[in-house]
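A quick write-up on the structure given underneath.
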Amino acid sequence: MPSSLTGRNFISVLDFSADEIHAVLAAAQAVKADPAAFGETPLERKTLAMIFQKPSLRTRVSFEAGMTQMGGHAIYLGPTDISLGKRETTEDIALVLSRYVDVIMARVFGHHLVEELAASATVPVINALSDFEHPCQILADLQTVQERKGQLAGLQACYIGDGNNVAHSLMYGAARVGMHMRIITPEGYEPDSEVLKIASEVGSQTGANIEAVHSLEATEGADVLYTDVWASMGQEKEAEARKAIFADYRIDATTMERADDDAVILHCLPAHYGDEIDYATSRTPNSALFDQAENRLHAQKALVLLVSGCSR
Ligand code: CP
Ligand code: NVA
C-alpha cells in the first residue's frame, strides 16, 4: 500500500496519480471483500469532521457509517452549525478543526472553500462535492466499472447531460486511468473548457480520448453510460427551463439501443426519473446504480484509511 497518500488532500481527482487511484480502488475492493482487511478497528479513536453546505444522503451516510464500521467517529456539521464562509474565516475553521479531528471532509458551493480549507488545515481535507468537482463519487464509479467490466483502460464511457461537477471529475478520472470519455451536452452546457484541455492532455499520456460533443449519436457502442441531474444543487431556479433544453439528453431505451449490449448504466443519484433517466431503464440488468451507491462506502473507507495513514 503506498504510504504516499498519508496526509494528502483529495480536492480534485487530479490530486492523485493513476497509481494512487488504483491503490485506492484496490483498498476499496479489499474492504468490500473483507471489512476487516486492514484490521477490525483500524480507525479507533480517529475522528472525521463532515462539513455540509448542501443536502446529502449517500455522501453523509456512507462516510459516517464507514467511520463507525472502522472503529472511528464522524461529526456532522450541517449548514447552520458552523456557517462556513459566514461566521468566521475558512482559515480559522480549518486551523481549529485540525486541533480536534484527524480528517476533514466538506461539501460546499464554491470550490474555493474546499481549496481554502485544504490550504490551512494541518490534517487531510476531502472534497465531498463542490460546484466544480465530485471526486469521491468518481472513486466509487471507477470501482463499479472495474467490477462490472474487469478493466478501465480502453473502455468507451459516455456521459449524457449537464457539463457539471460530476462530468468534470469523470473527465479527470477517465483521463488518469486511460478510459475514453465522451461528454454529451446541449449547446451552452459543455464542461469547463480548462477541464477539457487539462483532461485531454492527461488523457494523451494514458491513451484516453476525452471529448465534449453535442450529438446524442455519440453514445454508439458505449461500454459505460452515465447521467446526472440536469439541474444541480444550487441551480433549482433553472430547473424548469433546463427540462426543455435537456429533454433529449437522457438515458432511455433509445440510448440503450445505440450502446453496447452489455453497457453499464451509471447515475450518481439522486435521480429524477422521467428526466435524465427513465425508471424502467434504471432497473434493467445493465444498471449498476445501487452497486455504485454501495461502493461510495467502500471507496471512501479506503480513501480515509490511506490519507490518515491507517491502512497497514
Ligand atoms: N451521489 C451523491 O453524492 O449523493 P448525495 O448528494 O446524496 O450525497
Ligand atoms: N451534480 C449534482 C450531483 C449530486 C450528487 C449536484 O451537484 O447536485
Side-chain angles (χ1 to χ4, degrees), residues 10-13 28 48-67 74 76-79 105-114 126-145 159-173 181 183-186 189-192 195 212 225-243 245-246 249-251 265-273 275-277 282 287-301 303-304:
F10 190 51
I11 306 304
S12 166
V13 175
L48 170 73
M50 307 191 298
I51 301 171
F52 280 91
Q53 285 191 319
K54 296 177 176 176
S56 171
L57 170 65
R58 282 144 291 273
T59 305
R60 190 231 164 131
V61 180
S62 55
F63 265 106
E64 189 165 338
M67 288 302 292
Y76 174 74
L77 300 165
M105 67 87 115
R107 167 166 288 194
V108 297
F109 285 98
H111 188 70
H112 66 98
L113 288 171
V114 76
I126 295 170
N127 178 1
L129 181 147
S130 68
D131 283 353
F132 199 63
E133 273 209 57
H134 195 1
C136 294
Q137 179 66 53
I138 272 53
L139 294 177
D141 301 343
L142 294 177
Q143 185 184 0
T144 309
V145 174
Y159 169 97
I160 309 163
D162 185 25
N164 62 15
N165 45 6
V166 170
H168 291 163
S169 291
L170 277 173
M171 291 161 80
Y172 285 153
M181 177 62 68
I183 304 290
I184 308 168
T185 71
Y189 295 87
E190 299 82 6
D192 182 84
V195 172
L225 289 168
Y226 200 122
T227 192
D228 182 16
V229 290
W230 292 335
S232 287
M233 291 180 276
Q235 298 174 328
E236 289 77 9
K237 284 192 186 133
E238 293 177 44
E240 247 347 274
R242 282 177 176 240
K243 271 182 193 269
I245 297 164
F246 282 82
Y249 289 80
R250 60 201 307 266
I251 296 180
I265 300 170
L266 298 177
H267 188 316
C268 56
L269 302 177
H272 293 160
Y273 296 114
D275 285 353
E276 75 275 1
I277 189 164
S282 79
S287 168
L289 266 55
F290 298 99
D291 293 339
Q292 188 185 1
E294 178 188 332
N295 286 337
R296 295 292 303 277
L297 174 73
H298 309 300
Q300 290 159 191
K301 282 168 89 169
L303 176 65
V304 175

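Counting starts at 1 for both ligands and their atoms, in listed order.
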Distance-only polar pair, side chains of Gln300 and Ser62, donor-acceptor under 3.5 Å: yes

Testing the 3.5 Å rule here: is there a donor-acceptor pair between the side chains of Glu190 and Thr185? no

Which atom pairs, nitrogen or oxygen on both sides, join ligand 2 and the protein at under 3.5 angstrom?
{"unit_1": "ligand 2", "atom_1": "1 (N)", "unit_2": "Asn164", "atom_2": "ND2", "d": "3.3"}
{"unit_1": "ligand 2", "atom_1": "1 (N)", "unit_2": "Asn165", "atom_2": "OD1", "d": "2.9"}
{"unit_1": "ligand 2", "atom_1": "1 (N)", "unit_2": "Asp228", "atom_2": "OD2", "d": "2.6"}
{"unit_1": "ligand 2", "atom_1": "1 (N)", "unit_2": "Ser232", "atom_2": "OG", "d": "2.7"}
{"unit_1": "ligand 2", "atom_1": "7 (O)", "unit_2": "Asn165", "atom_2": "ND2", "d": "2.8"}
{"unit_1": "ligand 2", "atom_1": "7 (O)", "unit_2": "Ser232", "atom_2": "OG", "d": "3.4"}
{"unit_1": "ligand 2", "atom_1": "8 (O)", "unit_2": "Met233", "atom_2": "N", "d": "2.8"}

Tell me which protein heavy atom sits closest to atom 4 (O) of ligand 1, plus the residue, atom name and distance to 0.1 Å. Arg58 NE, 2.8 Å

Quick check: does Cys268 get an N/O under 3.5 Å from an N/O on ligand 1? yes

Just to confirm my output: which protein heavy-atom neighbour is closest to atom 6 (O) of ligand 1, and how far is it? Arg107 NH1, 2.7 Å

Sub-3.5 Å N/O-N/O distance, Leu129 and ligand 1: no

Applying side chain to side chain donor-acceptor pair (under 3.5 Å), name anything that partners Asn295, two or more places apart in sequence or on another chain. Lys32, Thr144, Glu147

Stepwise, does the ring-ring contact (aromatic ring centres under 6.0 Å, His included) test hold for Phe246 with Tyr189? CA-CA 9 Å; Phe246 282 82; Tyr189 295 87; 4.9 Å; yes

Quick one: do Lys54 and Asp131 make a salt bridge, cutoff under 4.0 Å? yes

Side-chain H-bond candidate by donor/acceptor type, His298 with Gln143, under 3.5 Å: no

Output the list of atoms in ligand 1 that are nearer than 4.0 Å to some heavy atom of His134, sorted by atom number. 2 (C), 3 (O)

Min N/O separation Pro270 to ligand 1 under 3.5 Å: no

Glu240, CD atom: more than 12 neighbouring heavy atoms under 6.0 Å: no

Distance from atom 2 (C) of ligand 1 to nearest protein heavy atom, with residue and atom: Arg296 NH1, 3.3 Å

shortest atom 7 (O) of ligand 1-to-protein heavy-atom contact is with Leu57 N, 2.6 Å

No-hydrogen, no-angle side-chain donor-acceptor test under 3.5 Å, Arg250 and Thr227: no

Looking only at distances, please establish whether an N/O atom of ligand 1 is found under 3.5 Å from an N/O atom of Arg60. no

Separation of Phe63 CZ from Leu297 CG (nearest 0.5 Å): 10.0 Å

Tell me whether the rings of His168 and Phe132 are parallel (<30°), tilted (30 to 60°) or perpendicular (>60°). tilted

Which ligand 1 atoms, with their elements, are less than 4.0 angstrom from a heavy-atom of Gln137? 1 (N), 2 (C), 3 (O)

What is the distance from atom CG of Leu129 to atom CE of Met105, rounded to the nearest 0.5 Å? 10.0 Å

